[in-house]
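Here is how names work: the chains are called A, B, and so on, in the same order as the sequence lines, proteins then strands, and each is numbered from 1.
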Number of protein chains: 2
Amino acid sequence: MFSVEKSKEIKSMFHDKGFKCTPQRLAVLKVLQDTSAYLSINTIHLKVKEFLPDTGLATVYRSLETLVDLNLVVKVHLEDGCHSYVIAPEGHRHPIVCTDCNKVIEFAEFPLDDLSKQISEDTGVQIKTHFLQLFGKCKECQA
Amino acid sequence: MFSVEKSKEIKSMFHDKGFKCTPQRLAVLKVLQDTSAYLSINTIHLKVKEFLPDTGLATVYRSLETLVDLNLVVKVHLEDGCHSYVIAPEGHRHPIVCTDCNKVIEFAEFPLDDLSKQISEDTGVQIKTHFLQLFGKCKECQA
DNA sequence: AGGTGATGGATAATTGTTTTCAGTAGAAAA
DNA sequence: TTTTCTACTGAAAACAATTATCCATCACCT
Ligand SMILES: [Mn+2]
Ligand SMILES: [Mn+2]
Ligand SMILES: [Zn+2]
Ligand SMILES: [Zn+2]
């Protein structure tokens with residue numbers, strides 16, 4: 001179900017933060033790793049139940065919280081107010097969400113840190129974090 | 001309660017989209033105009049009831065939806081998943097949210113449009129919109 | 001002023017998320 | 001291994017946020 005290498009790597013990430021490495025958490029992670037789209041909680045729940053049928057919905061919520069804490073998963077804020085989740089990109093990247101097919105394409109580092117510095121100077125606000133998402137139409141959906 | 005000039009201007013904005021200009025909608029708008037912070041639905045409701053005591057919570061939801069539709073108000077997505085609302089900035093600007101006092105400071109246009117173009121070329125995705133919020137500590141809260 | 005349909009208020013219903021709690025099973029020690 | 005200790009889980013209830021329903025009313029057009 002999970003590759004050995006990845007499993008060991010992931011396992012130590014859990015342990016480093018004092019979390020237990022449970023099948024449910026790994027299943028949630030796997031479901032997100034296996035898709036390039038963001039997924040709603042309910043979709044994740046359904047997919048997790050395909051290999052762990054007894055998994056409860058609350059566990060999916062709890063697992064996602066843990067995975068976000070570990071920076072393995074990121075929360076996507078959608079226009080309508082609902083939230084979804086997607087596997088975290090490598091390094092500091094931002095998601096581009098296809099509004100047609102829900103696929104998430106990442107884009108490479110963005111000079112937001114430099115600009116944050118300048119905005120700090122201009123406004124006097126100490127910028128701590130930023131939240132950026134782009135929306136558009138992916139290659140496939142343009143055809 | 002509302003200045004005449006603004007009222008007329010606003011009134012025609014409602015009518016242009018086929019909305020009626022009601023005291024409740026104007027009250028919600030006024031509450032947001034009178035603060036520099038983003039406000040939760042419940043806070044808005046409380047403030048609206050100060051001058052329109054019978055206003056129901058559902059009406060606040062409905063009014064906000066209308067005002068967002070008219071681009072007079074924007075929705076702020078918060079880390080914890082909750083949403084709040086703030087008066088829409090002039091032109092295309094982005095909010096900086098103070099994580100200490102909830103105040104919203106805007107910052108001037110940001111070269112996202114140019115970068116969107118480049119990202120479009122790099123990734124093949126046709127960027128349509130973006131969503132950017134910065135979080136930090138405002139001048140006052142740093143003291 | 002009168003007619004009409006959009007809107008508001010009250011309330012119920014839904015939906016999304018969190019909490020509670022008793023039982024289970026990771027992980028570390030023995 | 002076996003034991004021990006908790007963090008974790010599933011199920012259900014509780015809670016919070018949002019939306020739908022209903023009918024009376026009000027904004028606005030003529
Ligand atoms: Mn959001
Ligand atoms: Mn912008
Ligand atoms: Zn697409
Ligand atoms: Zn502040």
Tabulate protein N/O versus nucleotide N/O from nucleotides 20-23 of chain C, keeping only pairs under 3.5 Å, one per line.
residue: C/dT20; atom: O4; partner: A/R62; partner atom: NH1; Å: 3.3

Heteroatom pairs (N/O) under 3.5 angstrom, protein to nucleotides 24-30 of chain C:
residue: C/dG26; atom: N3; partner: A/K20; partner atom: NZ; Å: 3.4
residue: C/dA27; atom: OP1; partner: A/H15; partner atom: NE2; Å: 2.7
residue: C/dA27; atom: OP1; partner: A/C21; partner atom: N; Å: 3.0

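A rotation axis mapping the C1' atoms of four pairs onto the next four is fitted at both ends of the helix from C/dA1-D/dT30 to C/dA30-D/dT1 over five pairs, and the angle between these axes is 50° to 10 degrees.
One atom, CD of B/E65, and another, P of D/dT19, lie 7 Å apart when rounded to the nearest Å. Look at OH on B/Y85: it is 10 Å from C1' on D/dT18, rounded to the nearest Å. Following rounding to the nearest Å, A/N42 (CG) and C/dT14 (P) show an atom-to-atom distance of 17 Å. Remark: P of C/dT11 and CG of B/D54 are 12 Å apart, rounded to the nearest angstrom. Straight-line distance from the CG atom of B/L57 to the C1' atom of D/dA16: 11 Å, rounded to whole Å. Going from atom CZ of B/R25 over to atom C1' of D/dC28 covers 13 Å, rounded to whole Å. Rounding to whole angstrom units, CZ of residue B/F14 and C1' of C/dT7 are separated by 12 Å. Rounded to whole angstrom, the span from the NE2 atom of A/H45 across to the C1' atom of C/dT15 amounts to 16 Å.
Distances from the side chain of A/Q24 to the nucleotides D/dT18, D/dG10, C/dG8 place D/dG10 closest. Listed candidates were D/dT19, D/dG10, C/dG8. Nearest to the side chain of B/T59 is C/dG8.
Partners of B/E65 under the salt bridge (charged side-chain N to carboxylate O under 4.0 Å, His left out) rule, at least two apart in sequence or in another chain, do not exist in this structure. Under the rule for a side-chain hydrogen bond (donor to acceptor under 3.5 Å, both in side chains), B/K139 has no partner lying at least two apart in sequence or in another chain. For the side-chain hydrogen bond (donor to acceptor under 3.5 Å, both in side chains) test, no residue two or more places apart in sequence or in another chain qualifies with A/Y85. Scored by the side-chain hydrogen bond (donor to acceptor under 3.5 Å, both in side chains) test, A/S40 finds A/T43 as partners (sequence neighbours excluded). Annotation: side-chain hydrogen bond (donor to acceptor under 3.5 Å, both in side chains) contacts of B/T99 (sequence neighbours excluded): A/K128. In this structure A/K47 satisfies the salt bridge (charged side-chain N to carboxylate O under 4.0 Å, His left out) test with no other residue, sequence neighbours excluded. With sequence neighbours left out, the side chain to side chain contact (heavy atoms under 4.5 Å, CB included) criterion links A/Q118 to A/L115, A/D122.
In this structure, A/Q142 contributes its side chain and A/K137 its backbone to a donor-acceptor pair below 3.5 Å. Under the 3.5 Å distance criterion, the side-chain polar atoms of B/T35 are left unmatched by any main-chain donor or acceptor of B/L32.
For residues 49-62 of chain B, the pairs satisfying side chain to side chain donor-acceptor pair (under 3.5 Å) are B/T59-B/R62, with sequence neighbours left out. Applying the salt bridge (Lys or Arg N to Asp or Glu O under 4.0 Å) rule to pairs touching residues 12-21 of chain B yields B/K17-B/D69, sequence neighbours excluded.
In terms of phosphate contacts, B/Y61 brings a side-chain nitrogen or oxygen within less than 4.0 Å of OP1 or OP2 of D/dT18.
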